[in-house]
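Whatever order the structure lists ligands and atoms in, that order sets their numbers, starting from 1.
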Amino acid sequence: MQDPPECFRDMNAQYGEVVYLDAFGQPMIILGTHEAAIELLDKRASKYSSRKFSAMGDLTGLSWLISVVPYGGRWRGIRRNVHQHMNAKAVTQYSSIQQREVKAFLVRLLDDPKDFSAHGRFLFTAVIMRVVYGLDLKPDDDYIHTGDRAITAFNLAFLPGRYLVETFPIMRFIPTWFPGAKFKRDAAGWRDAVLRMRNEPWEGAVKAIREGRGVHSMVLDLMDRVNAGQDEEIAKDAAASVYLGESEQFRTLSTMQTFFAAMANYPEVQKRAQAELDTVVGPHRLPTFDDEKFLPYVCALIKECLRWKSVVPIGVAHLSLEEDEYHGYRIPKDSIVVSNIWAYSRDPRHYTDPEEFRPERFLKDGQLDQSVLDPGLIAFGYGRRICPGQHFAKRTLFTLLSSVLHTFRISAPTDEKGSPVPVNMKMTLGVISYAEPFDCNIEPRSAVAEALIRTLRDEQIITDMGVKA
Ligand code: HEM
């Protein structure tokens, strides 16, 4: 059976750029091209920026989450708070936190390369915990266990097709003891973790601020606004939406996994990126954001990671708020509108040989070619719902991937004869798609690189570090 993104792509190829489906009376529109998604979701954003009501979101206590909240005043309030801390300028203030945690990641990778995905999970959670709440995460923190339960809730509650109540929301009124009401019992089991995940780090951060231990963080800033009269619940929702947006859904982790698999399978690409880093950065330090503009190949490689395997293959569906018309197609009010990010990322009009991992496609005369469609304009969605964490994610990816390339060599595992066995990268199905577990060899690139990482272990990093609640 075909995966939904492939199935949708074939439907668009057969029936046209806009396909209308009827899902038990719910109109559903599949947009077949990036251009159609821009035209409707972006240029006509006021008509296409809501979300469909989610009965499971409501029952699990996730209805405060920004990605679930329908278009309107509450969503705007949360989004404004998120934007103020995650816009392109604001995210530059988080560089030292990103760099500190990436250094810790490199040390863990040196000690225990097999567990690279687990180290990535910890890295992304630690960075966002510090940025949002000003808290320093420890490996055995309760926040991690609560977060793990909340992520299960999120992933299962929103898994398309898993719960019939999502199609027939009226079912949410049947009693819990009723034989078909397993969804209610599941939701009740997750609710506690979801609410703790929203409340506990907030309370930890507020306590630290009140006791004079508060450090610069999103919550410190939000508390100033609350003290000036802003609604505390909206502020709390904004903080938890960013925390969940990064740590629990691990979108950036998915791109990191893609990077490790691509480097194992394309050694020539890896060598070319490393040669560029050697020339620009030299062997005795890690790359920084100041180097970025001198590293076009590394930047092209990161773009290719975002394009090659889609993190959110069919986006997060938008809901239309009024009837519309596009190139002769009628789009009814209350339609679910799907952007097929996976298909746009391999549209041969923009990317030749799309299944190949080839950063060169973004370069011309050794510089980034602005005429090639940037996959960042696809991967992060469209219109007013576009990912508010995109600038933050791109900076985390640059810090992490350039530092790993600079210090480690990644290669495919070998068979008993010593021949490399390419990584077979299979992506999971779901709202967010990850690589199924795979092995690759990760070792320091050189004795100098290993020594550099060892100095990081002992380094006393002087920053405005956070506090443990
Ligand atoms: C490679 C990393 C990431 C990718 C590919 C990604 C992709 C996306 C996509 C496709 C959407 C849906 C957009 C739409 O509705 O059209 C989205 C929404 C969202 N993302 Fe990201 N994201 C990433 C990282 C992050 C990070 C690091 C954060 C937080 C710091 C974040 C926070 C959010 C939030 C809060 C929303 C919901 C926005 C709303 O509904 O108003 N994302 N993301």
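- The proximity of Val242 to ligand 1, defined as any non-hydrogen pair under 4.0 Å, involves the side chain as well as the backbone.
- Defined by atom type and a distance below 3.5 Å, a donor-acceptor pair is missing between the side-chain atoms of Glu436 and Thr428.
- Residue Trp75 places at least one N or O, backbone or side chain, under 3.5 Å from an N or O of ligand 1.
- Checked against a 6.0 Å centroid threshold, the rings of Tyr20 and Tyr329 do not count as neighbours.
- Counting only N and O atoms by type, the side chains of His85 and Asp221 include a donor and acceptor under 3.5 Å apart.
- Remark: ligand 1 and Arg384 share no N or O pair separated by less than 3.5 Å (distance only, no angle test).
- Note on ring orientation: taking the six-membered ring where Trp is involved, the planes of Trp75 and Tyr71 are tilted (angle from 30° to 60°).
- For the pair Arg51 and ligand 1, a heavy-atom separation below 4.0 Å is found.
- Heavy-atom separations between Pro388 and ligand 1 include at least one value shorter than 4.0 Å.
- Of the options Cys387, Gly383, Cys305, the smallest heavy-atom separation from atom 21 (Fe) of ligand 1 is shown by Cys387.
- Applying the side chain to side chain donor-acceptor pair (under 3.5 Å) test to pairs two or more places apart or on separate chains, none has a residue in residues 333-344.
- Here the rule is salt bridge (charged side-chain N to carboxylate O under 4.0 Å, His left out) with Asp324, and of Arg330, Lys47, Lys43 only Lys47 fits it.
- When the heavy-atom distances from atom 35 (C) of ligand 1 to Ile66, Ile314, Val338 are ranked, the shortest goes to Ile66.
- Distances between N or O atoms of Thr255 and those of ligand 1 include no value under 3.5 Å.
- With a 4.0 Å heavy-atom cut-off, ligand 1 is reached by the backbone of Tyr382 but not by any atom from C-beta on.
- Sorted by first and then second residue, the side chain to side chain donor-acceptor pair (under 3.5 Å) pairs with a member in residues 300-309 read Lys303-Asp374, Glu304-Arg307, Glu304-Arg361; sequence neighbours excluded.
- By the 3.5 Å distance cut-off applied to N or O atoms, His318 is counted among the residues near ligand 1.
- Atom 20 (N) of ligand 1 has its nearest heavy-atom neighbour, among Met256, Met218, Arg385, Arg251, in Arg251.
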